[in-house]
Amino acid sequence: MDVPALLDWFDETARDLPWRAAGTTGWGVLVSEVMLQQTPVARVAPIWQEWMARWPKPSDLAAATQGEVLRAWGKLGYPRRALRLHAAASAIADDHGDVVPADVDTLLGLPGVGAYTARAVAAFAYGQRCPVVDTNVRRVVARAVHGAGDAGPPSTTKDMADVAALLPEDAAAAAKASAALMELGAVVCVARGPRCADCPVFDGCAWQRNGRPAYAGPAKAVQKFAGTDRQVRGLLLDVLRDTDEPATKARLDRVWSDAGQRDRCLDSLLVDGLVEQTPDGRFALPGEHGAVSPRG
DNA sequence: TATTCGTGGTG
DNA sequence: TCACCAAGAAT
């Protein structure tokens, strides 16, 4: 792959995303990466701006209640990420001098920080040369390097080696290349309808050379949503996000007709710590109304 | 390794 | 219209 061409393209056309502004701290990068897990850029941007204004340091977020954090998370989805980020902020404040660690292995010890996020922070916040592998990068490598229509199932070891082989030796250039690979996958080498006419690495693309074969790997599992526990949990949490006062069980019962599924979901939310029960038996977001110890 | 975990935009 | 898709992590 023509990495210099990719770097030039990135310099010229990179999106002006708020967390890419000069002066963004490691904390800002970490918050952005967690919010961006499985969530589109357009939905994250305004929430990230609010968080940075409200909680500019890890200790600021750590001082908030879980309920405040979940409300500020809004409808980004997968709200357990918000609780994990809150826990990570406490760990950073308590154990790391209120500064997001730069070491990948240390980052991996934080709640909600996995293989992708740890390396994204190391590269984008601290300019390190380490492979950053997300769904965009895997698709770009599958096409441009391997000539396939799309990436197969994730293989951490092989994916990391593929990307490591592409990175320039210089750390700053490598970090920029990591951002550029992601940008290419997000903007040009997209899953449906890739814009190959605008691609900076078109000439060396193995997928073009192969005649643009269709994806040949195993079928990818389709995520159902309608009627699942995820939908019901989302409906329950939405009620609690919208009210300052705890909600009665009767109020929550209105969100879903199937009592068995509804109760199972409320139970799982209590177990996950996303909901608490108040001493009088009502339900609320955690940390704000003197909870009874969660059962389970 | 396969599932589970939200939400909303889109071709 | 509706299946697919979106800067994954935890178990």
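Numbered from 1 within each chain, the chains take letters A, B, ... in sequence-line order.
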- Item | 5' priority, DNA chain B, between A:T228 and A:P153 [closest heavy atom] |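 Whichever sits nearer the 5' end wins; that is A:P153.
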- With nearest nucleotides of DNA chain B determined for A:K75 and A:S155 from heavy-atom distances, which residue corresponds to the more 5′ nucleotide?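 Nearer the 5' end of the strand: A:S155.
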Nearest-Å distance, [atom1] ([X]) to [atom2] ([N])?
X      : N      : atom1 : atom2 : answer
A:Y116 : C:dA10 : OH    : P     : 14 Å
A:K220 : C:dC5  : NZ    : C1'   : 10 Å
A:D134 : C:dA6  : CG    : P     : 9 Å
A:Q231 : B:dC5  : CD    : C1'   : 14 Å
A:E183 : C:dA6  : CD    : P     : 14 Å
A:K158 : B:dT1  : NZ    : P     : 14 Å
A:L274 : B:dT4  : CG    : C1'   : 13 Å
A:K224 : C:dA3  : NZ    : C1'   : 7 Å

Give one of base, sugar-phosphate or nothing for [X], where a contact means two heavy atoms less than 4.0 Å apart.
X      : result
A:R119 : nothing
A:G114 : sugar-phosphate
A:A115 : sugar-phosphate
A:W19  : base
A:V137 : nothing

Taking the [atom1] atom of each, how far is [N] from [M], in whole Å?
N      : M     : atom1 : result
B:dG11 : C:dA7 : P     : 14 Å
C:dC5  : B:dG6 : C1'   : 14 Å
B:dG8  : C:dA9 : P     : 23 Å

So which protein N/O to nucleotides 9-11 of chain B N/O distances come out below 3.5 Å?
none

- Does A:R138 reach the main-chain N or O of A:G152 with its side chain, forming a donor-acceptor pair under 3.5 Å?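 Looks like yes, one N/O pair under 3.5 Å.
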- Query: Considering residues at least two apart in sequence or located in another chain, which fulfil the ring-ring contact (aromatic ring centres under 6.0 Å, His included) criterion with A:W48?
  - Reply: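 Result, ring-ring contact (aromatic ring centres under 6.0 Å, His included) vs A:W48: A:W19.
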- For A:Y215, is the NZ or CZ atom of A:K220 found under 6.0 angstrom from the centre of its six-membered ring and inside 45 degrees of the ring axis?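 Geometry flag: set, cation within 6.0 Å and 45°.
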- Message: I'd like to know whether A:R143 forms a side-chain hydrogen bond (donor to acceptor under 3.5 Å, both in side chains) with A:Q208, so could you lay out the CA-CA distance, the side-chain angles of the two residues, the decisive distance to 0.1 Å, and finally the verdict.
- Response: CA-CA 8 Å; A:R143 288 177 180 161; A:Q208 301 295 338; over 6 Å; no
- Rounded distance (nearest 0.5 Å) linking atom CZ of A:R282 with atom NE2 of A:H289: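 One finds 8.0 Å between CZ of A:R282 and NE2 of A:H289.
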- A:Y116/A:E33 under side-chain hydrogen bond (donor to acceptor under 3.5 Å, both in side chains): CA gap, chis, key distance, verdict: CA-CA 9 Å; A:Y116 162 76; A:E33 294 301 341; 2.5 Å; yes
Taking all non-hydrogen atoms of both residues into account, name the closest pair between [X] and [Y] and its distance.
X      : Y      : answer
A:V190 : A:R139 : C-NE, 3.5 Å
A:L70  : A:R241 : O-CD, 4.0 Å
A:A115 : A:L108 : N-CD2, 3.8 Å
A:P58  : A:A89  : O-CB, 3.4 Å

If you take any heavy atom closer than 4.0 Å to DNA chain B, which residues from [range] end up in contact?
range                       : result
residues 78-86 of chain A   : A:Y78, A:P79, A:R80
residues 21-41 of chain A   : A:Q38, A:T39
residues 233-257 of chain A : A:R233, A:G234, A:R241

- Task: Considering only NZ, NE, NH1 and NH2 on the basic side and carboxylate oxygens on the acidic side, decide whether A:D162 and A:K158 come within less than 4.0 Å.
- Result: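 Here A:D162 pairs with A:K158 in a salt bridge, since their nearest N and O are under 4.0 Å apart.
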- Query: Do A:D170 and A:R129 sit within salt-bridge range, that is, some charged N less than 4.0 Å from a carboxylate O?
  - Reply: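 The answer is no: the pair does not qualify as a salt bridge.
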- Query: Which of these, A:V100, A:L85, A:V44, sits in a side chain to side chain contact (heavy atoms under 4.5 Å, CB included) with A:V31?
  - Reply: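 Going through the options one by one, the only one that passes is A:L85.
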- Could you check which of C:dA7, C:dA6, C:dA9 has an atom nearest any side-chain atom of A:A191?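 For A:A191, the side-chain atoms sit closest to C:dA6.
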- Task: Look at the side chain of A:F225 and decide which nucleotide, out of C:dA6, B:dT7, B:dT4, has an atom nearest to it.
- Result: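 When the side chain of A:F225 is considered, B:dT7 is the closest of C:dA6, B:dT7, B:dT4.
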- Would you check if the distance from the ring center of A:W73 to the ring center of A:W51 is below 6.0 Å?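 Yes.
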- Tell me, please, which residues at least two apart from A:D198 pass salt bridge (charged side-chain N to carboxylate O under 4.0 Å, His left out).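 None.
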- Query: Pick the nucleotide of DNA chain C nearest each of A:V222 and A:L108; which residue has the one closer to the 5' end?
  - Reply: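 Nearest-nucleotide comparison on DNA chain C picks A:V222.
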